[in-house]
Structures are given as C-alpha cells and as structure tokens.
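Because the structure is a prediction, the values reported are computed rather than measured. Every number for a ligand or one of its atoms is a count from 1 in the order of the listing.
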Amino acid sequence: NSERSDVTLYQPFLDYAIAYMRSRLDLEPYPIPTGFESNSAVVGKGKNQEEVVTTSYAFQTAKLRQIRAAHVQGGNSLQVLNFVIFPHLNYDLPFFGADLVTLPGGHLIALDMQPLFRDDSAYQAKYTEPILPIFHAHQQHLSWGGDFPEEAQPFFSPAFLWTRPQETAVVETQVFAAFKDYLKAYLDFVEQAEAVTDSQNLVAIKQAQLRYLRYRAEKDPARGMFKRFYGAEWTEEYIHGFLFDLERKLTVVK
Ligand code: DBV
C-alpha cells in the first residue's frame, strides 16, 4: 500500500530496546565521538528530495562494552536500524546483531546472536540451542531471505533470522515480535554470564571479537550509502571511530 508511511518504521524497535534494556540493566552512557551523534543531508533532486538523518545511540554496562545503534531515516524508502551489542572481552557472550533495512527494493532483516566460536559444540550448546525454539517459532512466519555473502557465514549462528518481508505490516508485527524475543533471550544470557578468567580463553575471546569487528568494519554494507550522503571522511570515521570501534579502544592508552 503506497499510502502508508514507513518513515518511522524502526523507531518503535529502538524505543522498545532502550526502555527494555533500562528495565533490566544498569545502563550508562557510552561516549559518541563529537560530530557523530547525528548527521543529515539532503539527497535527490526536485520532487524526490529527501532529508536523510542518521542518529546514533550508545550505552554500556558492567558486562557490555558497547551497546550501540545507528538509525537512518530518509523517508518512505530508506529506513535502517543497525543495532549491535559488543560484550566486554572478559565474557564469552555472543554479539547481539540486528540489521533492519528498508530500501526502495524492499525490507531486509538480519537478526542473530552472533557467536564468537561458530563451530564449537560446547559454545553452541550454551548460546545457540537455548534460542532455537524462538528461532523456529519466528521462522515459520519469516521465510529464509536467500543468498547472503558466503564470507559472512562464519559470523552467524544456526539461529540466524534472515528474511526479506514483502509487506511492511510483517515488519511491524512478526519482525518486531522476533526482535523482542531475541533481545529478551540475549539479556537472559547477559544476566547469567560470568566473567572469564582463564588467560587462554581470554586470548581466544579477544581474537574472535577482533575477527568479527574487522570483518564488519571492512565489509559494512552501509559504507556506499553513507559515503554518498555524508562523504568519505565522515563515513570512515563513523565506521572505525564509532560503529566498530574496538581496535581504536584497544590502542588508546588509559
Ligand atoms: N549494516 C551495517 C551497518 C548499517 C547497515 C552499520 C548503519 O552493518 C545497513 C547501517 N545493511 C545495511 C544496508 C544494507 C545492508 C545489507 C544499508 C543494504 C546494502 C545494499 O543493498 O546496498 C547483515 N546486511 C545487509 C546484508 C546482510 C546484512 C547479509 C546484505 C548484504 C549483501 O547482500 O551484500 N549484519 C549484516 C552483515 C553482518 C551482520 C553483513 C555480518 C556479520 O551482522
């Protein structure tokens, strides 16, 4: 239905996530580099002109190094909520990863608890098997989205919800319900998580986090879009200085 408006499609997801996290976690602000809290640009020509606003949100807790969201609002056919939780390096927790994307071509939804150790069966038993019932319940309504980059596969769990709904109403209902269930299950994991102290495990976690982070920063599917809107310099700084900032944080002398 072309009458309906998608302009705030993911705002309820963002509002829900922040309110829900506040209800269960002791959220502290996480610094957003100056100039990256929000950016806007006018794109397109004539009647097709749209303002594209990108807003950043970031928090931290004792167990979660960075909880951050990028919300892109550019009218009916450009809405993105990219929401990722990066645990501290002394927890074996997976990443919470949500990439909710609406483009002129349609909706693209990626939702997962992205594993540190994809092929480790003990890890799967701990962090994937418990969410398989949620995955199967939602997958019934959200069919597999088809091909995605082969090289990205190691970073997704067997409970990866990947779907391209035709209808905006499906995003508002089924996808929103899945998002809530995954976030709840993730916070349950966080609640139960105990700090890792074994030095070998700590090294493995750090390596796995860096592997994930480097992949995401290098292959960020939003890079082209951000460059067109806001220029190359802003985009690279946004990616490495905020969206995927672990390497920078590790090299800062505290
Ligand atoms: N994706 C991001 C960030 C975004 C973002 C930070 C702030 O990681 C948006 C914005 N994702 C975004 C956009 C597109 C996608 C696509 C705008 C569409 C790009 C386009 O079509 O031009 C999951 N996101 C995708 C795709 C996947 C994901 C698989 C399709 C890519 C393709 O077909 O090439 N989430 C994404 C991903 C990982 C993840 C690749 C890897 C670990 O966690």
Asker: Quick check on contacts: which atoms of ligand 1 are under 4.0 angstrom from a heavy atom of Leu243?
Answerer: 6 (C)
Asker: Please list, in number order, the atoms of ligand 1 under 4.0 Å from a heavy atom of Ala222.
Answerer: 4 (C), 5 (C), 9 (C), 10 (C)
Asker: Using a strict cut-off of 4.0 Å, indicate which atoms of ligand 1 neighbour a heavy atom of Met225.
Answerer: 17 (C)
Asker: If you look only at distance, which donor and acceptor atoms sit under 3.5 Å apart when one is on a side chain in residues 150-157 and the other is two or more places apart or in another chain?
Answerer:
from, atom 1, to, atom 2, distance (Å)
Glu151, OE1, Lys219, NZ, 3.4
Glu151, OE2, Lys219, NZ, 3.4
Ser157, OG, Asp112, OD1, 2.6
Ser157, OG, Ala159, N, 2.9

Asker: Considering only heavy atoms from C-beta outward, does the side chain of Phe179 approach that of Leu111 to under 4.5 Å?
Answerer: yes
Asker: Write out the residue and atom name of the closest protein heavy atom to atom 2 (C) of ligand 1, then the distance separating them to 0.1 Å.
Answerer: Asn82 ND2, 3.1 Å
Asker: Counting only nitrogen or oxygen atoms and a 3.5 angstrom limit, does Arg216 reach ligand 1?
Answerer: yes
Asker: Counting from 1, what ligand 1 atoms have a heavy atom of Leu103 closer than 4.0 Å?
Answerer: 18 (C), 20 (C), 21 (O)
Asker: Among Val170, Ile109, Leu108, which residue meets the side-chain contact (heavy atoms from CB on, under 4.5 Å) test with Thr163?
Answerer: Ile109
Asker: Where's the contact between Leu108 and ligand 1, heavy-atom distance under 4.0 Å: side chain, backbone, both or neither?
Answerer: side chain
Asker: Check if Phe156 has a non-hydrogen atom at a distance under 4.0 Å from any atom of ligand 1.
Answerer: yes
Asker: Below 4.0 angstrom from a heavy atom of Trp162, which ligand 1 atoms are there? Numbered from 1 as shown, please.
Answerer: 26 (C), 27 (C), 29 (C), 30 (C)
Asker: Which heavy atom of the protein is the closest neighbour of atom 19 (C) of ligand 1, given with residue, atom name and distance?
Answerer: Pro221 O, 3.6 Å
Asker: Is it true that, when you exclude Asp147 itself, more than 12 heavy atoms of the residues, nucleotides or ligands shown sit nearer than 6.0 Å to its CG?
Answerer: no
Asker: Side chains of Tyr238 and Thr54: donor-acceptor distance under 3.5 Å anywhere?
Answerer: no
Asker: Will you find, in the side chains of Tyr215 and Arg211, an N or O donor that is under 3.5 Å from an N or O acceptor?
Answerer: no
Asker: Distance to the ring centre below 6.0 angstrom and angle to the axis at most 45 degrees; does that hold for Lys180 and Tyr16?
Answerer: yes
Asker: Above 12 or not: heavy atoms from other molecules or residues under 6.0 Å from CD of Gln49?
Answerer: yes
Asker: Counting from 1, what ligand 1 atoms have a heavy atom of Ala70 closer than 4.0 Å?
Answerer: 7 (C)
Asker: Please report which non-hydrogen protein atom sits nearest to atom 33 (O) of ligand 1, along with the residue it belongs to and the distance in Å to one decimal place.
Answerer: Pro149 CD, 4.3 Å
Asker: Distance under 4.0 Å to a non-hydrogen atom of Gln114: what atoms of ligand 1 satisfy this?
Answerer: 39 (C), 42 (C), 43 (O)
Asker: Among all the protein's non-hydrogen atoms, which is closest to atom 5 (C) of ligand 1, and how far away is it?
Answerer: Asp99 OD1, 3.3 Å
Asker: Any salt bridge linking Arg68 with Asp245? Criterion: basic side-chain nitrogen under 4.0 Å from a carboxylate oxygen.
Answerer: no
